[in-house]
There are 2 protein chains.
Amino acid sequence: MGYTKDDELAINTIRLLAVDATFKANSGHPGAPMGLAPVAHIMFNKFMNFNPKNPDWLNRDRFVLSNGHACMLHYALLHLFGYKLSMDDLKAFRQIDSITPGHPEAQDTPGIEVTTGPLGQGFSNAVGLAIAQAHTAAEFNKPGFELVNNHTYCFFGDGCAMEGIASEAASTAGHLQLGNLIMVYDDNHISIDGDTKVAFTEDVMKRFEAYGWHTQWVKDGDHDLEGIEKALQIAKDVKDKPSMIKLTTTIGFGSLLQGTGGVHGNALKADDCKQIKKKFGFNPEESFVVPQKVYDMYHAHAADGAANEQDCNKLFEEYGSQHKAEHADLLRRLSGKLPDGWEQKLPTYKPGDKEQASRKLSEAVLEAIHETVPDLIGGSADLTGSNNTRWKNAVDFQPPVLGIGDWGGRYIRYGVREHAMAGIMNGIAAYGTLIPFGGTFLNFVSYASGSVRLSSLSHCRVIYVATHDSIGLGEDGPTHQPIETLAHFRALPNMMVWRPADGNECSAAYYVALTSKSTPSIFALTRQNLPQLENSTLENGIKGGYVSVENEKADITLVSTGSEVCICIEAVKYLKDNHNLTARVVSIPCFEVFDAQSKEYRLKCLPDGIPSLSVEAMSTMGWERYSNEQFGLNRFGASGAYKDVYKKFEFTPEGISKRAVATVNFYKGTKVRSPVNRAFQQLI
Amino acid sequence: MGYTKDDELAINTIRLLAVDATFKANSGHPGAPMGLAPVAHIMFNKFMNFNPKNPDWLNRDRFVLSNGHACMLHYALLHLFGYKLSMDDLKAFRQIDSITPGHPEAQDTPGIEVTTGPLGQGFSNAVGLAIAQAHTAAEFNKPGFELVNNHTYCFFGDGCAMEGIASEAASTAGHLQLGNLIMVYDDNHISIDGDTKVAFTEDVMKRFEAYGWHTQWVKDGDHDLEGIEKALQIAKDVKDKPSMIKLTTTIGFGSLLQGTGGVHGNALKADDCKQIKKKFGFNPEESFVVPQKVYDMYHAHAADGAANEQDCNKLFEEYGSQHKAEHADLLRRLSGKLPDGWEQKLPTYKPGDKEQASRKLSEAVLEAIHETVPDLIGGSADLTGSNNTRWKNAVDFQPPVLGIGDWGGRYIRYGVREHAMAGIMNGIAAYGTLIPFGGTFLNFVSYASGSVRLSSLSHCRVIYVATHDSIGLGEDGPTHQPIETLAHFRALPNMMVWRPADGNECSAAYYVALTSKSTPSIFALTRQNLPQLENSTLENGIKGGYVSVENEKADITLVSTGSEVCICIEAVKYLKDNHNLTARVVSIPCFEVFDAQSKEYRLKCLPDGIPSLSVEAMSTMGWERYSNEQFGLNRFGASGAYKDVYKKFEFTPEGISKRAVATVNFYKGTKVRSPVNRAFQQLI
Ligand SMILES: [Ca+2]
Ligand SMILES: [Ca+2]
């Protein structure tokens with residue numbers, strides 16, 4: 001308490017950096033940074049613990065700017081505290097190849113925890129970070145060794161508050177009683193359409209109370225610095241509930257257009273820039289000015305943070321002497337590596353082993369490796385028994401007071417909240433000690449599209465266990481049967497979409513997913529049983545594609561994935577018996593991984609000289625890259641027993657053979673070039 | 001009031017039909033129908049107004065089963081009331097090609113208003129149906145002629161209550177004060193993971209109050225028939241708020257497993273079927289039994305409904321004599337046809353006309369046609385000024401008491417709620433009198449994927465105005481720049497994805513979208529300006545693809561869409577000047593529509609003999625179907641001025657030419673076959 005002119009100076013410095021950077025870029029969002037500068041000043045200086053020289057320090061407090069368009073606020077703070085973000089970087093705001101892009105991107109900028117901007121994402125990431133903290137503390141803290149006790153702080157605005165994903169995540173956080181989570185709601189009554197009264201008149205505080213949150217209202221977020229500090233302190237003291245502080249602010253505080261939509265998404269006019277600098281006691285002719293006093297104040301707090309890290313490091317060293325195994329395990333986790341030899345635990349299968357649904361094969365992997373890979377923390381969006389995501393002895397991650405689990409539990413009950421599940425998983429992955437996986441039906445991974453995209457963009461090692469992956473789910477019908485879904489996610493950069501054909505391919509999918517530190521994965525898994533195939537091995541699987549049935553002098557290559565591979569293998573016999581045609585079969589469980597193999601290898605799989613036909617029981621889109629002709633389903637499915645549905649759409653040896661014959665005839669006499677051959681390389 | 005044994009008999013009949021149908025199918029969800037049978041019996045018989053002989057009667061009350069897995073409840077009701085749904089249809093529950101699929105599908109089954117099952121969708125559809133009712137009443141009701149005064153009723157369960165889309169829609173409905181909307185929340189404490197206490201412990205009633213809803217709680221939904229009736233009556237009497245009745249029920253009421261997850265998604269065991277029949281006074285050896293008394297009761301109510309329709313029809317006839325224009329307009333709307341000559345209003349452009357962003361061109365269409373096509377009702381998810389979705393004199397659709405619009409307003413402020421916007425649009429379209437459109441950035445149409453899919457599956461004429469359609473949006477950066485998005489939605493069956501290159505193509509997109517009664521559309525529109533092109537005409541545009549630049553004896557065809565077409569045209573000159581190569585350009589603004597043209601026409605556009613190169617500044621996935629080689633962006637974009645971003649990724653005449661040269665060289669000496677030629681036809 002006891003705020004002085006220096007605090008005001010610092011707050012106005014932040015505001016003006018946002019004004020100057022957006023003015024120079026002639027683009028961006030000055031309004032929210034100007035409104036949020038007071039709370040940011042107080043929160044970062046009086047509450048948050050971090051060391052700008054080591055943005056990776058495990059026990060740092062996390063900050064998430066869910067209203068990511070306000071990123072000039074965060075960039076300004078990072079600069080002032082001495083993160084590796086120079087004044088030149090601020091001047092390059094929103095310029096190509098700068099580290100200060102239009103919305104915060106975790107990989108680009110030191111000190112940015114998660115990629116935000118798509119509204120509601122940061123909110124759910126913050127819930128994930130808080131879950132990861134609670135779990136990591138439970139696993140590693142020991143009497144006398146509170147290694148991990150950081151808080152997660154988050155700002156969000158009206159936009160985030162309106163997004164469904166934030167509602168889902170808020171309900172989850174309330175249920176989980178995450179006392180380590182403190183959110184500030186920037187209640188400025190403005191969104192892009194102007195006054196929020198046109199669309200958003202609910203009682204946000206009451207809603208959060210309904211979710212089980214602790215709530216407070218600071219009515220003058222522009223001036224009441226004491227009130228802000230007090231609210232933050234109370235929020236910090238509340239240990240059994242997440243906290244939300246509704247902070248009423250003036251968007252664009254100080255601008256001639258303050259309190260209007262005019263300052264939301266446009267730079268201030270030149271005149272306005274001048275008057276606000278004058279108003280704040282700055283030289284109206286100068287830009288990007290930071291008074292030394294402000295640097296000094298911020299650097300002093302940064303130095304405190306560095307000292308705190310030193311203390312933590314010392315504590316961790318002592319911990320090492322008393323808790324060797326945990327010490328080594330935590331170090332290993334932070335390195336991103338898995339325990340030596342973990343892959344020995346992966347189940348393998350021989351041809352003829354029991355038929356199983358790949359969702360069961362996935363369960364077998366989790367059952368086999370969960371002890372050896374303690375980083376795994378999983379769950380399901382209320383489809384546990386269908387997704388098979390829970391190992392037998394799993395303990396639920398729950399507040400102990402509920403009596404149905406504890407903070408050390410590794411199974412998360414996400415409820416029917418696919419989008420929040422995905423956003424929370426991104427947050428858990430960002431914490432640094434855990435590898436999250438989460439289950440739903442493949443069709444409903446689409447509900448989570450917004451977050452799935454950010455898993456890819458922000459390099460999160462997360463796994464989507466997506467069962468019921470095709471018309472093979474049967475009776476639930478077209479509302480639940482994916483058609484466009486694999487094309488969608490295969491088109492997403494930095495996403496591995498796996499559709500394993502059997503047990504060894506399923507183990508291969510887990511192997512690659514878990515060892516790829518900066519790439520998320522989607523596993524498309526069947527409801528129905530699949531046989532264990534010849535030539536399917538871990539070694540073949542991890543190449544993303546391989547020859548499943550080889551035949552010298554074949555007339556055609558059948559290329560397939562998942563549950564259709566075994567039907568293609570049956571079609572080989574059918575084609576020989578009925579049409580005297582020789583076929584070979586290639587399984588490509590993962591395009592992204594297959595594409596990374598040498599051209600020579602890919603040509604061995606998909607050779608020149610004979611035509612190829614792809615077979616997959618959903619949209620053919622994207623298969624042209626791996627085959628000359630495509631058999632798929634460019635329409636919606638049908639409700640019925642799964643075998644009836646497959647028959648209706650001709651995904652049978654006969655149906656495949658009919659199209660194989662047409663393909664062979666079509667290409668007869670032409671020199672067939674493998675689709676592996678391309679005229680030039682793609683930009684990736 | 002005054003419930004008798006006959007009511008109990010009817011309720012138990014419904015329960016047993018659900019038991020028998022799921023038992024016969026050995027699949028499906030008996031539990032929720034058994035719990036909801038009492039409220040359904042009362043609501044349909046004492047409150048709802050409908051005529052089973054004419055499921056299309058405009059002023060019928062609408063019913064939406066948002067927990068669509070409980071569809072045996074609705075099928076049973078439809079059968080009992082005499083809709084065209086026979087006992088044999090009930091017996092064919094979940095069998096292939098039946099009209100009783102695993103989740104309700106609007107096109108398949110008379111009496112089903114909207115397709116539900118994906119959780120939360122029906123909830124938002126119901127909000128849309130209520131909006132459409134309020135608006136249609138405001139437009140057509142006259143003193144003495146209350147043509148339209150129906151209510152919308154909706155059941156939803158815990159799953160829907162957890163989904164973000166339902167939260168968004170509930171907040172919207174509360175803001176809009178939709179007094180014509182009555183929802184029943186099936187509070188049965190069970191979801192697929194078992195007791196809801198594991199994930200869902202919020203105070204749902206308090207949350208709905210926070211949204212501005214009227215709420216009531218009926219604590220014994222199994223037995224308290226009077227209480228249910230009273231609550232429904234109160235809800236109906238509340239005119240200025242949507243109503244939510246929390247109805248505590250026992251899932252699987254009567255089963256040995258009642259109140260547990262065991263009755264949620266599995267048929268009852270044979271023994272259990274027998275005991276419950278005995279308990280309810282039915283013969284345990286019989287199945288699919290409807291006592292004549294029950295038929296009589298239900299048919300009597302159906303007859304009342306038919307009589308009501310007669311009265312309404314008479315009223316409408318009278319209305320016709322006094323309000324000729326409105327009468328004709330309403331009849332026309334119900335036919336799905338647009339006003340004669342409306343297409344004359346579509347703006348057209350000549351080459352050399354002013355450069356404009358296609359989002360502005362879209363605005364110009366709306367400005368030009370909104371008076372002639374009064375069916376249009378639009379909005380934006382809080383991006384009005386960016387999506388350009390609002391014509392100048394538009395009035396907001398708002399409760400008049402707010403003083404910022406009225407029920408007759410045709411502009412909807414959706415707030416930052418993309419998913420609910422889409423679900424609401426599906427509901428509006430289902431009402432039958434309106435054509436909804438809604439704006440957001442193309443990248444955030446993905447947030448609405450769940451509903452977009454249902455636009456397609458349930459044949460809704462809705463338009464997604466999706467601006468900022470590529471890296472061309474510039475500074476907002478990769479978090480906002482679509483890469484996978486067009487591939488995703490192009491892979492969706494029955495969806496027209498348009499990416500117009502200029503004004504005439506934009507008008508063509510609107511023409512096809514508005515005249516396609518059962519297909520939704522997504523318009524991908526630029527932020528940046530585009531020139532008006534040669535050969536771009538309405539006639540060409542509505543073919544979905546055409547030759548933009550023809551050249552005899554060309555070396556290569558450049559195939560493109562939207563903002564890249566004009567760069568391809570520049571590349572034609574660059575190729576001639578620098579490489580002495582002759583290129584032609586084909587614009588394919590809509591794959592779905594182009595695919596519907598004759599093979600002859602398509603081959604004229606994409607001829608045999610010369611190679612083709614596609615150019616689109618996003619994922620190349622799917623372009624293999626229209627080109628031999630593909631230039632695109634199979635990685636995320638970058639934050640910067642749009643021209644800098646285009647240059648970085650080489651979407652320039654030089655960059656295109658480089659790849660065109662590589663393509664020509666690659667195919668030199670080979671007999672190039674157009675990708676239009678296929679070995680066999682796809683299943684569609
Ligand atoms: Ca705001
Ligand atoms: Ca339930």
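These values consider heavy atoms only, across backbone and side chains, with no hydrogens, waters or symmetry-generated copies.
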_Minimal non-hydrogen separation, B:V198 against A:Q398, with atom names_ = O-NE2, 2.9 Å
*Test A:F636 against B:L492 for side-chain contact (heavy atoms from CB on, under 4.5 Å), laying out the working first.*
CA-CA 9 Å; A:F636 289 106; B:L492 189 61; 4.1 Å; yes
*Just by distance, do the side chain of B:D644 and the backbone of A:I96 share a donor-acceptor pair under 3.5 Å?*
no
_Beyond-backbone contact of A:I483 with B:P493, side-chain heavy atoms, under 4.5 angstrom_ = yes
_If we count only N and O atoms by modelled type, under 3.5 Å, do the side chains of A:R207 and B:S171 hold a donor and an acceptor together?_
no
*Check A:H488, A:R490, A:R453 against B:E484 for a side chain to side chain donor-acceptor pair (under 3.5 Å) and give me the one that passes.*
A:R453
_Need one label for A:F489: side chain, backbone, both or neither, based on atoms under 4.5 Å from any heavy atom in chain B._
neither
_Counting C-beta onward and ignoring hydrogens, is there a side-chain heavy-atom pair between A:T663 and B:R678 closer than 4.5 Å?_
no
*Examine whether an atom of B:F93 lies under 4.5 Å from a heavy atom of chain A, and if so say whether it belongs to the side chain, the backbone or both; otherwise answer neither.*
neither
*Answer with side chain, backbone, both or neither: which region of A:K658 has an atom nearer than 4.5 Å to a non-hydrogen atom of chain B?*
neither
_So for A:S27, is it side chain, backbone, both, or neither that comes closer than 4.5 Å to the heavy atoms of chain B?_
side chain
_So which residue, A:R390, A:K647, A:H419, A:E650, ends up with the most heavy-atom pairs under 4.5 Å with chain B?_
A:H419
*Quick one: what part of B:E105 sits under 4.5 Å from any heavy atom of chain A, side chain, backbone, both or neither?*
side chain
*To the nearest 0.5 Å, how far apart are CD in B:E475 and OG in A:S98?*
10.5 Å
*Let me know if A:T100 has heavy atoms under 4.5 Å from chain B in its side chain, its backbone, both or neither.*
neither
*Is any side-chain heavy atom of B:F200 less than 4.5 Å from a side-chain heavy atom of A:R417?*
yes
*Against chain B, work out which of A:I165, A:T620, A:V664, A:L633 has the most heavy-atom pairs shorter than 4.5 Å and name it.*
A:T620
*asked:* If I compare all heavy atoms of B:S446 with all of A:S449, which pair ends up nearest, and what's the gap?
replied: O-CB, 3.5 Å
*Given that the side chain runs from C-beta out, which part of A:S456 has a heavy atom under 4.5 Å from chain B: side chain, backbone, both or neither?*
both
*May I ask you to test the B:S191-A:D382 pair for a side-chain heavy-atom distance under 4.5 Å?*
yes
*Less than 4.5 Å apart, any side-chain heavy atom of A:K671 and any of B:K671?*
no
*Identify which part of A:F649 has an atom lying under 4.5 Å from any heavy atom of chain B, answering side chain, backbone, both or neither.*
both
*Heavy-atom distances under 4.5 Å only: say whether A:N677 touches chain B with side chain, backbone, both or neither.*
both
*A:L613 versus chain B, the contacting section by heavy-atom distance below 4.5 Å*: side chain
*Shortest non-hydrogen contact from A:G102 to B:S639?*
N-OG, 3.0 Å
*asked:* Heavy-atom pairs under 4.5 Å with chain A: which of B:M205, B:R659, B:Q95 has the most?
replied: B:R659
_Between B:M621 and A:R625, is there a side-chain heavy-atom distance shorter than 4.5 Å?_
yes
*If you tally heavy-atom pairs under 4.5 Å against chain B, which of A:N26, A:L119, A:T485 wins?*
A:L119
_Nearest 0.5 Å, please: how far is CD in B:E624 from CG in A:N628?_
12.0 Å
_Quick check on A:A638 against chain B: is it the side chain, the backbone, both or neither that has a heavy atom closer than 4.5 Å?_
side chain
_Portion of B:Q177 that has a non-hydrogen atom of chain A nearer than 4.5 angstrom_ = neither
*A:S619 versus chain B, the contacting section by heavy-atom distance below 4.5 Å*: side chain
*Give the minimum heavy-atom separation between A:T201 and B:H175, together with the two atoms involved.*
OG1-ND1, 2.8 Å
*Taking atom CD of A:Q630 and atom CZ of B:F680, what is their separation to the nearest 0.5 Å?*
7.0 Å
*Go through the atoms of A:H29 and report whether side chain, backbone, both or neither lie under 4.5 Å from a heavy atom of chain B.*
side chain
*asked:* Heavy-atom pairs under 4.5 Å with chain B - which of A:G385, A:A679, A:G164, A:S380 has more of them than the others?
replied: A:A679
*Does one side chain, of B:Q121 or A:Y447, offer a donor that lies under 3.5 Å from an acceptor on the other?*
yes
*Answer yes or no for A:R673 and B:F666: cation-pi contact, defined as NZ/CZ to six-membered ring centre under 6.0 Å and angle to ring axis within 45°.*
yes
*Which region of A:N443, side chain (C-beta onward) or backbone (N, CA, C, O), has a non-hydrogen atom less than 4.5 Å from a non-hydrogen atom of chain B, or is it both or neither?*
side chain
*asked:* Can you confirm whether A:P118 sits close enough to B:F444 that some side-chain heavy atom of one is under 4.5 Å from a side-chain heavy atom of the other?
replied: yes
*Of all of A:D396, A:L454, A:N494, A:D97, which one pairs up most often with chain B through heavy atoms under 4.5 Å apart?*
A:D97
*B:T115 side chain near A:T479 side chain, heavy-atom distance below 4.5 Å*: yes
*Part of A:I404 lying under 4.5 Å from any heavy atom of chain B*: side chain
*asked:* Looking at A:K648, I'd like to know if its NZ atom is crowded, meaning that more than 12 non-hydrogen atoms belonging to other residues, nucleotides or ligands lie closer than 6.0 Å.
replied: yes
*Closest-packed option against chain A by number of heavy-atom pairs under 4.5 Å, given B:M495, B:H69, B:E209, B:H480*: B:H480
_Contacting moiety of A:H103, where chain B heavy atoms sit under 4.5 Å_ = both
*Could you give me the CA-CA distance, side-chain angles and deciding distance for A:K206 and B:K206, then say whether side-chain contact (heavy atoms from CB on, under 4.5 Å) is met?*
CA-CA 7 Å; A:K206 187 170 178 176; B:K206 185 169 178 177; 4.0 Å; yes
*Among A:Q682, A:E418, A:E163, residue most engaged with chain B (heavy-atom pairs, under 4.5 Å)*: A:E163
*Between atom CG of B:D195 and atom CZ of A:R413, what is the distance when rounded to the nearest 0.5 Å?*
10.5 Å
*asked:* Quick check on the interface: out of B:G159, B:G117, B:G212, who has the most heavy-atom pairs with chain A under 4.5 Å?
replied: B:G159
*Among B:I412, B:D203, B:I192, who wins on heavy-atom pairs under 4.5 Å with chain A?*
B:I192
